2 protein chains.
Amino acid sequence: MPESHRPDIRKLDLFSEMSDENFQSLMHASYLQTFPPQIELITEGDSSDFLHVVVDGSVELFARWNNRETSVAIIRPISTFILAATLRDAPNLMSARTLEKSRVVLIPSEDVRRIFDADNNFARAIVCELASGYRASIKKTKDLKLRTSLERLANYLLRQQTREGGGAEFELQTEKKRLASYLNMTPENLSRAFKSLKPYGVEVDGSKITITKQSDLENFARPSPLIDDKTV
Amino acid sequence: MPESHRPDIRKLDLFSEMSDENFQSLMHASYLQTFPPQIELITEGDSSDFLHVVVDGSVELFARWNNRETSVAIIRPISTFILAATLRDAPNLMSARTLEKSRVVLIPSEDVRRIFDADNNFARAIVCELASGYRASIKKTKDLKLRTSLERLANYLLRQQTREGGGAEFELQTEKKRLASYLNMTPENLSRAFKSLKPYGVEVDGSKITITKQSDLENFARPSPLIDDKTV
DNA sequence: TGCTGCGATTGATAAATGTCAAACCTTCGT
DNA sequence: ACGAAGGTTTGACATTTATCAATCGCAGCA
């Protein structure tokens with residue numbers, strides 16, 4: 001793998017504390033690949049041969065069952081995905097496709113497991129990462145089970161607002177079709193949900209959202225750190 | 001903590017490979033406590049002071065938001081819970097209550113973290129356990145998002161049948177009220193769902209289920225290893 | 001034995017969500 | 001500039017799921 005992205009990857013929590021030697025060894029065995037949009041990188045059920053790192057573009061994780069499909073996450077630079085499958089040497093539970101032209105570093109799972117055994121700092125970082133991912137997944141379950149679709153949308157908007165810097169005006173950064181699937185609703189339902197949030201000060205213009213009555217929206221959404229916070 | 005349960009706990013994947021010394025050290029710092037039914041052991045948001053091991057009875061993990069409540073998991077002997085919060089030293093995301101008179105071993109989180117650092121085999125086991133839990137949670141998300149409540153019930157019955165040994169006749173082992181919450185439906189809806197499964201050979205008598213047309217039910221449920229299998 | 005309380009069921013109704021079809025709009029490539 | 005493709009919105013309608021109220025039935029207990 002070329003050198004160019006190494007410093008960025010090295011900065012990830014997952015890799016920042018490991019020894020130089022082990023990091024170089026991981027990188028040495030990896031590939032940097034560029035993919036066009038809409039390429040299915042992983043199909044669920046496949047064995048997990050590589051830990052993936054998105055360094056450019058974006059990748060959607062999704063799942064299929066019985067001819068239905070749902071969006072589970074959208075991975076943006078710089079982050080890894082399918083760490084759990086890699087470590088357990090188990091089949092991937094989700095499929096992955098590029099949403100746009102993307103660059104992905106592929107680290108052979110075998111090397112990840114080998115260096116996990118050799119490098120205590122790396123092992124510690126892996127545990128942190130896994131625990132975080134696990135907790136994020138629990139939060140998603142709570143969001144799904146405890147909230148109506150309207151409430152999920154309202155809270156999503158507040159989270160997205162925060163991610164985008166906190167201003168009253170921000171971009172969705174996701175197609176509405178995909179957002180609908182992510183929030184477990186149909187595009188039609190999402191469209192109507194936006195209208196239902198208008199009384200709470202949500203203005204929609206294409207992918208631009210403006211929140212004109214912040215406290216009204218928060219009052220309706222009732223965000224909870226135990227569901228909506230990234231870090232907790 | 002008294003000695004009596006140690007051999008059983010030692011057999012758990014999480015503890016079976018660690019050094020004797022470290023295991024004894026963990027146990028030495030732990031408490032065995034007996035709780036009556038319906039005691040709230042943990043309230044979500046609390047800091048995670050102990051890793052819990054249910055050695056007798058059963059414990060429900062559930063979550064609250066906005067005056068609603070949902071059942072997330074039921075823990076039966078012998079298993080641990082809230083490992084992720086313990087490791088991250090983060091607040092618990094779920095509450096826990098005993099369903100019946102139960103005995104629980106409480107291992108101080110601090111000791112778990114300390115010995116994680118000291119014992120590579122324990123660290124490895126923790127990673128396995130976390131990765132498993134993470135994957136189980138992803139499967140739950142897929143189940144929730146991709147299936148209707150009727151399909152969730154049908155697949156639940158097939159899983160429960162397997163857990164109970166695979167015979168045509170088996171017990172639910174859970175109040176229907178709780179099962180409904182676990183499957184994200186109301187008790188009324190669950191009751192009707194059972195009736196809707198009658199054409200597929202599901203007979204209900206109290207908590208006893210008899211599956212008279214196995215292949216019909218499987219045909220309807222379409223279980224997938226990537227959602228329903230324990231081990232994958 | 002007969003209460004009592006609570007879970008389970010049933011029926012009627014309401015609310016939430018999905019489906020289908022059509023129209024609209026934006027983007028993109030020729 | 002034009003047309004095609006596909007995402008978005010809207011309306012009408014169907015289905016799923018929840019809510020409310022009443023009843024049933026069983027387990028625990030005086």
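These figures come from a predicted structure and were not determined experimentally. When reading the values below, keep in mind they use all heavy atoms of this one structure, side chains included, and skip hydrogens, waters and symmetry mates. Proteins come first, then strands; the chains are lettered A, B, ... in the order of their sequence lines, and each starts at number 1.
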Heavy-atom donor-acceptor pair, A/S58 side chain to A/R76 backbone, under 3.5 Å:
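A pair under 3.5 Å: no.
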
Got a sec? Which of residues 199-207 of chain B come in under 4.0 Å of DNA chain C, heavy atoms?
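Within this stretch, nothing sits under 4.0 Å of the strand.
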
Is there a residue in residues 140-152 of chain B whose heavy atoms reach under 4.0 Å of DNA chain C, and which residues are they?
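Within this stretch, nothing sits under 4.0 Å of the strand.
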
Qualifying residue for ring-ring contact (aromatic ring centres under 6.0 Å, His included) with A/H52, from A/F81, A/Y31, A/F35:
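Going through A/F81, A/Y31, A/F35 one by one, the ring-ring contact (aromatic ring centres under 6.0 Å, His included) with A/H52 is satisfied by A/F81 alone.
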
Per the side chain to side chain donor-acceptor pair (under 3.5 Å) rule, which among A/K177, A/R178, A/Q173 passes with A/E175?
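When A/K177, A/R178, A/Q173 are each tested with A/E175, the side chain to side chain donor-acceptor pair (under 3.5 Å) holds only for A/R178.
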
Could you pull out all residues at least two apart from [X] that satisfy side-chain contact (heavy atoms from CB on, under 4.5 Å)?
{"X": "A/S102", "result": "A/T98, A/E100"}
{"X": "A/E40", "result": "A/T43, A/F62, A/R64, A/S95"}
{"X": "A/R10", "result": "A/M18, A/D20, A/F23"}
{"X": "B/D49", "result": "B/S47"}

Just the rounded figure in Å: distance from [atom2] of [N] to [atom1] of [X].
{"X": "A/F194", "N": "D/dT10", "atom1": "CZ", "atom2": "P", "result": "12 Å"}
{"X": "B/E188", "N": "C/dT10", "atom1": "CD", "atom2": "P", "result": "12 Å"}
{"X": "B/M185", "N": "D/dA18", "atom1": "CE", "atom2": "C1'", "result": "11 Å"}
{"X": "B/K208", "N": "C/dA8", "atom1": "NZ", "atom2": "P", "result": "17 Å"}
{"X": "A/L190", "N": "C/dA16", "atom1": "CG", "atom2": "P", "result": "17 Å"}
{"X": "B/L183", "N": "D/dT17", "atom1": "CG", "atom2": "P", "result": "12 Å"}
{"X": "B/R192", "N": "C/dG11", "atom1": "CZ", "atom2": "C1'", "result": "7 Å"}
{"X": "B/N189", "N": "D/dT15", "atom1": "CG", "atom2": "P", "result": "16 Å"}

Considering only heavy atoms from C-beta outward, does the side chain of [X] approach that of [Y] to under 4.5 Å?
{"X": "B/S79", "Y": "B/V54", "result": "no"}
{"X": "A/L226", "Y": "A/V232", "result": "yes"}
{"X": "B/W65", "Y": "A/R222", "result": "yes"}

Side chains of residues 150-159 of chain A: which donor-acceptor pairs under 3.5 Å do they make with residues two or more places apart or in other chains?
{"unit_1": "A/E151", "atom_1": "OE1", "unit_2": "A/T148", "atom_2": "N", "d": "2.8"}
{"unit_1": "A/E151", "atom_1": "OE1", "unit_2": "A/T148", "atom_2": "OG1", "d": "3.4"}
{"unit_1": "A/E151", "atom_1": "OE1", "unit_2": "B/R68", "atom_2": "NH1", "d": "2.8"}
{"unit_1": "A/E151", "atom_1": "OE2", "unit_2": "B/R68", "atom_2": "NH2", "d": "2.8"}
{"unit_1": "A/R152", "atom_1": "NE", "unit_2": "A/L183", "atom_2": "O", "d": "2.9"}
{"unit_1": "A/R152", "atom_1": "NH1", "unit_2": "A/R147", "atom_2": "O", "d": "2.9"}
{"unit_1": "A/R152", "atom_1": "NH2", "unit_2": "A/L183", "atom_2": "O", "d": "3.0"}
{"unit_1": "A/N155", "atom_1": "ND2", "unit_2": "A/E151", "atom_2": "O", "d": "2.9"}
{"unit_1": "A/N155", "atom_1": "ND2", "unit_2": "A/A221", "atom_2": "O", "d": "3.0"}
{"unit_1": "A/R159", "atom_1": "NH1", "unit_2": "A/D228", "atom_2": "OD1", "d": "2.7"}

When you compare the protein's N or O atoms with those of nucleotides 6-8 of chain D, which come within less than 3.5 Å of each other, and at what distance?
{"unit_1": "D/dG7", "atom_1": "OP2", "unit_2": "A/K177", "atom_2": "NZ", "d": "3.4"}
{"unit_1": "D/dT8", "atom_1": "OP1", "unit_2": "A/K176", "atom_2": "N", "d": "2.9"}
{"unit_1": "D/dT8", "atom_1": "OP2", "unit_2": "A/K177", "atom_2": "N", "d": "2.7"}

Minimum heavy-atom separation for B/L190 and B/M185, please, with both atom names.
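Answer, listing the atom of B/L190 first, then B/M185: CA-CE, 3.5 Å.
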
Shortest non-hydrogen contact from A/S48 to A/A85?
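Nearest pair, atom of A/S48 first, then A/A85: OG-O, 3.0 Å.
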
Applying side chain to side chain donor-acceptor pair (under 3.5 Å) as the test, list every pair that has at least one member in residues 196-215 of chain B; sequence neighbours left out.
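Side chain to side chain donor-acceptor pair (under 3.5 Å) check on residues 196-215 of chain B returns B/Q161-B/Q214, B/E171-B/S207, B/Q214-B/E218.
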
Pair listing, side chain to side chain donor-acceptor pair (under 3.5 Å) test, anchored in residues 131-142 of chain B, at least two apart
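Only A/E44-B/K142, A/R88-B/S132, A/S137-B/S137 qualify under side chain to side chain donor-acceptor pair (under 3.5 Å).
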
Where protein sits on nucleotides 24-30 of chain C, one letter per nucleotide: B base, S sugar-phosphate only, - none, heavy atoms under 4.0 Å:
-------

At 10 degrees resolution, what angle do the end axes of the helix from C/dT1-D/dA30 to C/dT30-D/dA1 form when each is taken over five base pairs?
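Roughly 30°, once rounded to the nearest ten degrees.
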
Stepwise salt bridge (Lys or Arg N to Asp or Glu O under 4.0 Å) check, B/E69 with B/R97:
CA-CA 13 Å; B/E69 184 179 311; B/R97 71 162 74 91; 2.8 Å; yes

